Amino acid sequence: MDKIQIVVSDDGIGLDDVRFRAFCEVDTDFKSEKGGKGVGRLYWLDAFSNAEVSSRFLSESGPQTRSFRFKLSNEEQIQDASPDDLPEAPSGLGTVVIFSGLRAESYRKQFPKRKDTFLRYFSAHFISDFLVGNGAEVIVDLDGELTKYPEAVSDLVVGKAYQGDTVEHDEFGTLSVTGYTCRAEASTGLDGTHQLHLLAHGRTVEPRKIDKLLGVLRVSREDDEDLVFHGCVSGPYLDRHVNEGRTAFNLKESKLQELCRFCADFVKENFISEQIKEFEKARKKDYQNFVQRYPIYGFADDDTQLGRVPFAARSPEEFATGLVKYQIRRDEKRQNDLERVIGLLEQEDEISESFADTLATATRELQDSERLALAQHVVRRKLVLELLEKLITRIRARGDKQEDYHLESTLHSFIVPMRVNGEDPSQVESTAHDLWIVDERLAFTRSFSSDQRLAQTLANSESDARPDLFVWNLAHGLGVVDPNDEDAEVDVSEPLRKVMIVEFKRPGRRQYGKVEDQIEQQITKYLRQLKGGQIEAFNRQKVRIASDCLFYVYVVADIVGDLEDQLGGWTTTANGEGRIRSLDNDFKGSTIEVIQWQDLVNDAWMRNEATIRAAGLSRTKPLRSGRN
């Protein structure tokens, strides 16, 4: 950075006596008519340690040369110097200024270190001047590599400039807006894609990104659909509110944002109206798809809801973020209305004639809320079942490949997380499940163990047996006791007399040739470990399993290949697709039922069919059974 030297030269009339006197005067009004504040040259000394000036100008006696150093010091800030000691003045009229000694860590850190980076920032800073034609011809020479302006910027412009004046604003008055559609490189080095350049007295003060105000990712022109928008805004209001250095406006950020919104609306309506119409169509479709997936946000008509979110909102997260506050306000109002109705009923005074209307309104709002909540619930269940069917089909299509046994775990995890105990408070976050697919009574259960060694579930057990899913005490599982409540008490005076076990076998699996693959033998091994044991429940309480406990065991599989032969002697279920085995002796009264995967899914669809239809939805075409 110590070697950086910047040379600025022009072919103007030079620093004649009049201009030099103005240069020597702090806060001069020499260029006030053009918006000059007389402090720009002071910024030289803020950024650089050295500023050397040589200038040739015409006087009454002919061409003259003036050379001096401009220093930051208490005295003699302007020091005359011999032309021989400074850079050579222009051969014709003009001025040369050389800057060196870049100051301060902030300047050094931000200064571009690559030539292409320097050009990007240079172009970005002066782009509005070059676009509107206010800038002179400029040549940037970086170690012999020349770049000419405004050509370097104007070559990025596609099509003719848009030009228009806004309507009269109560505060901003009339603003002039000139718009350009440019290639994407025009925004390199700027924050954002689409820009409004705010001008004062014909010079750029600051750019403002308007990506979210325009909404569109890119604009199109002359068959080019990958363009960006740059608008130059000027007007007396901006001229009046610029600071002395013309580096910022003396306006609150909220006021500048309001001005940019005002101008962006003008641009959308007058410059790119057709593109905005297409964008609004696509945005509305995105919103409607969002509401289909998340019906709870459909509590007002489409246009009202779209007017409540940012114009650029297109994603579900953006829609939800914009609407959630309105949803909360609506729920609060409904709650207050219901409480007011209850209060009226509790009054001893005679109820007014308007009470019926008040009650009808509160009831209608409650019904609307319930309908939306139900739709949200139904949409999620429909998606889960559709995905489950596709997952089963995909796994089944892979065939009986040994390397694909991990897919069995994938399917298991889809229904219920593996390696968790639902009653372990430390695992609450990981115990969200969809066990309603298996049995609606399990929708909210926490009383389960999924793919855990029995030694981790039972007290005083060292068994390595690992049932896929072990569910106990359905009453507790349905939420009578909250496992997160440390003060909750469970009635453990009576042992469990009913327990459910579920085993998941990979769809399409045909080989069950190993000894441990014998279904009845595998299940009875589990039951021997469980019978008479004790489950470690929450609060470290022990839930006993009765010695005469009935076990309801469900095996979910495709009954094909070896399994079909293995179950040949079992009783068929009512639909003829499944198999059932009643156990005897030590496990008398317990049963093992083998359910086809598709029957499990069909049953889940049937249980939810009424609510799915009530929400205006329907099941996709049912898949066929996995049997051959």
Side-chain angles (χ1 to χ4, degrees), residues 12 18-19 21-47 121-136 138 150 153 161-180 186-187 189-192 194-214 229-271 311:
V18 175
R19 286 167 176 75
R21 282 197 299 271
F23 186 94
C24 296
E25 181 183 347
V26 176
D27 201 20
T28 178
D29 61 358
F30 183 72
K31 291 187 177 181
S32 59
E33 293 183 359
K34 297 182 179 180
K37 305 296 183 179
V39 296
R41 66 204 179 288
L42 302 182
Y43 287 100
W44 299 1
L45 304 181
D46 184 54
Y121 279 92
F122 182 87
S123 299
H125 184 76
F126 294 105
I127 186 171
S128 61
D129 298 295
F130 296 138
L131 285 173
V132 300
N134 289 342
V138 176
V153 169
Y162 299 107
Q163 180 67 53
D165 294 336
T166 67
V167 297
E168 184 84 13
H169 187 276
D170 291 342
E171 182 174 358
F172 308 141
T174 300
L175 297 170
S176 295
V177 183
T178 306
Y180 301 87
S187 296
L190 292 170
D191 179 24
H194 306 300
Q195 305 287 328
L196 280 183
H197 303 275
L198 305 184
L199 281 61
H201 302 290
R203 288 176 56 180
T204 302
V205 177
E206 61 176 292
R208 309 282 296 195
K209 70 175 180 179
I210 54 170
D211 297 4
K212 291 186 177 181
L213 296 179
L214 290 191
F229 180 85
H230 282 258
C232 299
V233 182
S234 59
Y237 179 84
L238 292 174
D239 294 342
R240 290 195 304 270
H241 290 88
V242 71
N243 68 7
E244 289 189 347
R246 280 186 291 187
T247 57
F249 291 99
N250 298 319
L251 293 167
K252 292 182 179 179
E253 176 61 22
S254 59
K255 190 59 63 178
L256 285 170
Q257 290 178 357
E258 181 185 350
L259 186 145
C260 288
R261 283 195 298 271
F262 177 64
C263 292
D265 288 342
F266 174 80
V267 168
K268 289 189 292 186
E269 184 177 350
N270 294 276
F271 294 168
F311 188 74

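Only this structure's heavy atoms are used, side chains among them; waters, hydrogens and symmetry mates stay out. Note that this is a predicted model, so its numbers are computed, not measured.
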[X] to [Y] - nearest heavy-atom pair and separation:
X	Y	answer
Tyr180	Ala161	CE2-CB, 3.5 Å
Gly164	Phe266	C-CZ, 3.7 Å
Pro207	Gln195	CB-OE1, 3.8 Å
Ser187	Gly192	CB-O, 3.9 Å

Side-chain ion pair, Arg261 and Glu258, N-O less than 4.0 Å = no

[atom2] on [Y] to [atom1] on [X], rounded to 0.5 Å:
X	Y	atom1	atom2	answer
Asp239	Arg203	CG	CZ	12.5 Å
Gln163	Ser176	CD	OG	6.5 Å
Phe271	Thr178	CZ	OG1	7.0 Å
Asp191	Arg208	CG	CZ	10.0 Å

Going by ring-ring contact (aromatic ring centres under 6.0 Å, His included), name the residues that satisfy it together with [X], two or more places apart in sequence or in a different chain.
X	answer
Phe249	none
His230	His197
Phe172	His169, Tyr237

Can you tell if the side chain of [X] reaches within under 4.5 Å of the side chain of [Y], non-hydrogen atoms only?
X	Y	value
Leu238	Leu199	no
Glu206	Leu256	yes
Val267	Ile210	no
Glu171	Lys255	yes
Thr166	Val177	yes

inquiry  = I'd like to know whether CD of Gln257 has more than 12 heavy-atom contacts from other residues, nucleotides or ligands below 6.0 angstrom.
reply    = yes

task = With Phe262 as reference, evaluate Val233, Leu213, Leu175 under the side-chain contact (heavy atoms from CB on, under 4.5 Å) test and give the passing residue.
result =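 So the option named by the test is Leu175.
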
task = Verify, without hydrogens or angle tests, whether Asn243 (side chain) and Asn250 (backbone) share a donor-acceptor contact under 3.5 angstrom.
result = no

